[in-house]
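Down below is the structure, laid out as structure tokens.
Any value given below was found using the heavy atoms of this structure, including those in side chains, with hydrogens, waters and symmetry copies removed. Here, residue 1 is the first one in the sequence, and each next residue gets the next number. Bear in mind the structure is a predicted one, so any value in this text is a computation, not a measurement.
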Amino acid sequence: MTFWRTGTLICALAVGATSLLSPVKAETSVLQLNSVIEAALGHGQKVKHADIKLKLADARLREAQGAFDWRTTGRMGWKRLYFPRAELIHGYNVLTDSLESSSNVQVELGVSHLFHNGIRIEPGISYFPIANASRAQTFGAVRPIPFVNLQVPLLHVFDEDNTAAADERAAIKDQTGSIYERTAAQQQAVFDAVQTYWRCVAAQDMTQILEAENASSNRYFRTLRAQQRAGQIDMATVEMASAKEIRRDSELAQARENVSQCRMYLSLLVGSKKSTDLPAMSAAFPKLQDIARAATRLRDATLNEIALRNRPDIVASEQYISAADDRVASAKAGQDPKVNLLVNPDGAFVSVSMSIEGNRADGAEAAAEAEAAEARLTLTELHQQIGRDVTSAVLALRNSLSTLATLRAAERAMTRIIEQSRRALRTGGLDAKDVHSREEERVDIQLQLVQASLDSALDLAKLRLVTGTVATQGPTAASDDVALFKSLQF
């Protein structure tokens, strides 16, 4: 059966659940889907990776914004000053044509700030805190001298396409993309948790069916043993029944093991103190058969548009493309020549600096353009993949619902046949072997019916994921998702 081939499946299932989950108070009621979704929203390996990426984006944004911080600058050092020797002549200090020199401490203090228009300003003051000569003797060299230094990007002044401003915009968009990427990770975690829940419910249903069938088979097998000892049937008939018993026992043991694994995984997911008793599929998804009518009205094109509007990974990719374009602008601005204007009371100086070969700037621009091209290609591929995923999910849901309807009709028909067969057995028109054979056929149909119900629930969950219609934000996100995973309302 498909369930058992995928049954050990529960591998993916823990949804990255770990013991780090905080325990909650014990409950005696059965575990509801709402609790599973609520636990999955903040946990799982993919969510943890997305959290780390978001923290990294936050850090890089702060780093980019740091380019616009006010900065203090200070410089202190030794300088030798030369000045005319002063001699006292007739009671007056007279400068002579002889030179003197002295060692002096010079201090420069200032602040600097880069504006978003690309202009950097740095006002400051230079002075000698202790001077061994007068201002006149040094021709004003030791007086406090204020200065202003301006740096202007020659080609991108006032357009905010300078390197620092473009880098900041790119960092903001990377951060926004990381937020949407975390939302996508949460949707995947919820989807994995819902899959786990439905598989576990189905495993329990199958176990109960097999346990009931096992009890019936044991009674029938004891009847065959008695008939064989009485010489009414041959040993071959008993051995064939024994072989079927062994097969059913193996299936029952596997089913019980699956349920045990489910309880363990769900216990890790929702907290070990919470009940992991599960409802029947008919109680957990009471209106599954009603989904079939809504499924016939689904349109791939409409769902694809919904997916393109709602998928957080689409928004994240668009943000990454815009960020890559900003990095291209940043790299191009890095090639601009820089003009510095230094002004003080004694003069003004203009300096221009730029790279002659431009290897570093050219390399940065080429890398940024390649990154932008890769981001656009990723978005294009994502659009195409979403279209394929939506079509596949709709087709799979319709097929599983169709199979479910067929099996429901087959079970009803087989139930009527068995009732007729039991009446025929009581009147002597049919022997116990034929009745038991038909009961076994109904068990197979019931197991297939549970599998079809599981497939339908999983396919509906897949459709929710690929259209991006899984709630992740707000206090009612878990309860909203319960309704969404049980309906085809978009």
Side-chain angles (χ1 to χ4, degrees), residues 1-7 198-260 262 278-286 288-289 400-457:
M1 287 174 288
T2 305
F3 180 85
W4 307 125
R5 288 196 299 270
T6 60
W198 290 133
R199 293 184 195 279
C200 291
V201 169
Q204 179 175 269
D205 280 7
M206 288 186 173
T207 300
Q208 292 172 351
I209 291 171
L210 288 171
E211 285 175 343
E213 197 272 344
N214 184 261
S216 174
S217 293
N218 285 339
R219 291 193 297 270
Y220 175 69
F221 185 70
R222 288 194 295 271
T223 301
L224 291 181
R225 280 288 191 186
Q227 290 177 343
Q228 189 269 330
R229 286 193 293 270
Q232 297 175 352
I233 58 174
D234 57 15
M235 191 61 185
T237 301
V238 176
E239 290 177 348
M240 289 177 62
S242 177
K244 289 183 178 180
E245 282 284 296
I246 294 172
R247 180 175 65 85
R248 287 298 194 194
D249 286 343
S250 175
E251 289 180 353
L252 179 57
Q254 181 62 59
R256 286 171 174 166
E257 175 63 23
N258 285 338
V259 172
S260 176
C262 273
L278 296 168
M281 179 66 82
S282 58
F285 206 148
L288 181 58
Q289 64 273 18
S400 58
L401 288 171
S402 175
T403 301
L404 178 63
T406 301
L407 289 170
R408 285 185 185 279
E411 186 197 24
R412 290 193 295 269
M414 185 56 69
T415 298
R416 291 193 299 269
I417 291 172
I418 289 175
E419 290 174 353
Q420 295 169 1
S421 299
R422 287 173 178 171
R423 287 194 295 269
L425 176 64
R426 289 192 293 269
T427 60
L430 201 66
D431 59 27
K433 178 181 178 182
D434 292 331
V435 175
H436 182 69
S437 176
R438 292 171 185 178
E439 288 176 342
E440 286 185 323
E441 289 182 23
R442 184 173 66 172
V443 168
D444 288 335
I445 291 175
Q446 288 174 335
L447 293 174
Q448 294 176 42
L449 185 58
V450 173
Q451 180 65 52
S453 298
L454 172 62
D455 290 341
S456 299

Donor-acceptor contact present, side-chain T207 to main-chain A255, <3.5 Å = yes
Examine distances only and state if a side-chain atom of S453 and a backbone atom of L449 form a donor-acceptor pair shorter than 3.5 Å.
-> yes
Distance-minimising heavy-atom pair for L407 and A452 | CD1-CB, 3.7 Å
Take Q451 and M206, measure what side-chain contact (heavy atoms from CB on, under 4.5 Å) needs, and give me the verdict at the end.
-> CA-CA 9 Å; Q451 180 65 52; M206 288 186 173; 3.8 Å; yes
Side-chain donor or acceptor of S260 paired with backbone N/O of R256 under 3.5 Å | no
What's the shortest heavy-atom distance between I417 and R438, and which atoms?
-> CG2-CD, 4.0 Å
What is the minimum heavy-atom distance between D205 and P279, and which atoms define it?
-> OD1-O, 4.5 Å
Smallest heavy-atom separation, V201 atom then A280 atom, equals CG1-C, 3.8 Å
Passing candidate, side-chain contact (heavy atoms from CB on, under 4.5 Å) with T415, options R442, Q446, Q420 | R442
With side chains defined as the heavy atoms from C-beta onward, is the minimum distance between I418 and R422 less than 4.5 Å?
-> yes
Any L404 side-chain heavy atom under 4.5 Å of L288 side chain = yes
Straight-line distance of Q204 CD to C200 SG, nearest 0.5 Å = 9.0 Å
With a 4.5 Å limit on heavy-atom distance, are the side chains of V259 and L278 in contact?
-> no
Scanning both residues in full, the closest heavy-atom pair of A203 with N258 reads CB-CB, 4.2 Å
Going from SG on C262 to CD on E257, what distance comes out if it is rounded to the nearest 0.5 angstrom?
-> 10.0 Å
Verify whether one side chain among Q448 and D444 offers a donor that lies under 3.5 Å from an acceptor in the other.
-> no
